[in-house]
Amino acid sequence: MKKSIFIRSAATAFLCFVLFNYTLANTPKAEGYKVGDQAISFQLKNVDGKMVSPADYQSAKGFIVVFTCNTCPYSKLYESRIEALNQKYASKGYPVLAINSNDMTKQPGDSFEEMVKTSNAGEYSFPYLYDESQEIATAYGATKTPHVYVLEKNKKNLQVKYIGAIDNNARDEKSATDKYVENAVDALLANKPVSTTSTKAIGCTIKWKEA
Amino acid sequence: MLKVSKHKPKTITGLVLLTLLLTSSRLLPAQEIQVIKFDQLHQIITDKNAPIRVINFWATWCAPCVKELPQFEDLLDKYKNSPTEVILVSMDFVQNLDSKVKKFAEKKNLKSKLYLLDETDYNSFIDRIDPSWSGAIPATLIVDARNEKRTFLEKEFKEGELEKAYLDFIQ
């Protein structure tokens, strides 16, 4: 009797384990965050080899978290605009934290070594972090590059205030008529509600690890 | 001797290629790629007189898209006698129509119906194609406007998965 209960619970545990792994493997984008949710913090390796976390920024009011990568043409198109966001907003309390979550076995150009090169070539003034386990992209619900999350710091919590694109014209910065991220951060800095809290854009899918 | 055997095939290949190029451009017009705006795409998606439509959103710069394209071509070929149309909607920028998209379509000899969606304000239309779409590509819409049945898949199809999705849809 005891044995059969043991076997049964062991079998259940095994099934749960299998199902859990199956779910994890097959739904990498899961649900992710919606505007208003509390986002988890993170500590990831920067291109200079040091670990970086939002918690390191004592005086920050929030963060512009950008899921991006080295290889996606859309990330390349937005590279200088991401740099400009950091130049404009880091001193005002909203630094850029860029994160690459792509699986380098699927996309060798997105390895850590290539991140270092990309960051150096682009003279990034912001940290470019490696989400090797893909845990952060999974938790946030990032699906593509670039994919932006504007977070506001409330005491120790990070609240999602905006999710989406940087602006409304990937091809030509000058033709962009709606600068979503700038508008969101400007509103937060002015203690006003963000008018456009989420947008969608075409982008390269995040390259998820195979199960 | 060595010189001849080395160069002759090249010359012949070159001549054959040249002839092919000259004749094919006249006899076999290259697959036409229609540049459309969202409103036209919307009409295509909602056309109630149309057969089942398998609409794939892709781009020449998108490696996973390019990788799965043969599955769409195979589907078209395999179900050519069913009321099914396979449509490839390129999200490439319109200035790359000739330099990238047409070249690619010719090289791969694509048989599916080809469009290039010339829109830059993505947020204005992504939800109207499907609210579940984040904007990542590849993504595929299978639609039967006659009975307003649709399925949207934001994913890269592994071998055989597109046909399975299609068969699930028509059942």
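Letters A, B, ... mirror the listed sequences (proteins, then strands); counts begin at 1.
In this structure, B:Trp61 CH2 and A:Cys204 SG are separated by 4.0 Å, a value rounded to the nearest 0.5 Å. Going from atom OH of A:Tyr74 over to atom CE of B:Met91 covers 6.5 Å, rounded to the nearest 0.5 Å. One distance of note links CD of B:Glu119 with CZ of A:Arg171; it measures 10.0 Å at 0.5 Å rounding.
Contact check for A:Lys106 versus B:Pro64: no side-chain heavy atoms found under the 4.5 Å cut-off.
In this structure, B:Lys103 places its NZ atom where only 12 or fewer heavy-atom neighbours from other residues, nucleotides or ligands lie under 6.0 Å away. Within 6.0 Å of NZ in A:Lys34 there are 12 or fewer heavy atoms belonging to other residues, nucleotides or ligands. Residue A:Glu123 places its CD atom among 12 or fewer non-hydrogen atoms of other residues, nucleotides or ligands, all under 6.0 Å distant. In A:Glu135, the CD atom is not crowded: 12 or fewer heavy atoms of neighbouring residues, nucleotides or ligands sit closer than 6.0 Å. Within 6.0 Å of atom NZ in B:Lys149, more than 12 heavy atoms from other residues, nucleotides or ligands are found, so the atom counts as buried in its surroundings. Other residues, nucleotides and ligands place no more than 12 heavy atoms under 6.0 Å from the NZ atom of A:Lys50.
Residue contact with chain B, scored on non-hydrogen atoms closer than 4.5 Å, is absent for A:Ile163. In this structure, chain B has heavy atoms under 4.5 Å from both the backbone and the side chain of A:Ala201. Using a 4.5 Å cut-off between heavy atoms, B:Lys67 does not touch chain A at all.
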Next item on the list: Take B:Tyr122 and A:Thr199, measure what side chain to side chain contact (heavy atoms under 4.5 Å, CB included) needs, and give me the verdict at the end.
Entry: CA-CA 9 Å; B:Tyr122 300 127; A:Thr199 59; over 6 Å; no
Margin query: Please determine whether side chain to side chain contact (heavy atoms under 4.5 Å, CB included) holds for the pair A:Leu77 and B:Phe93, giving the CA-CA distance in whole Å, both sets of side-chain angles, and the decisive distance to 0.1 Å.
Written below: CA-CA 12 Å; A:Leu77 282 168; B:Phe93 295 141; 3.4 Å; yes
Margin query: Quick one, B:Lys158 with A:Glu210, criterion side chain to side chain contact (heavy atoms under 4.5 Å, CB included). Give me CA distance, side-chain angles, the key distance, then yes/no.
Written below: CA-CA 12 Å; B:Lys158 294 199 183 75; A:Glu210 288 294 328; 3.5 Å; yes
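Proximity of a side-chain donor or acceptor of A:Lys200 to a complementary backbone N or O of B:Trp133 within less than 3.5 Å is detected.
Among the candidates A:Thr196, A:Ile202, A:Thr205, A:Thr71, the residue making the largest number of heavy-atom pairs closer than 4.5 Å to chain B is A:Ile202.
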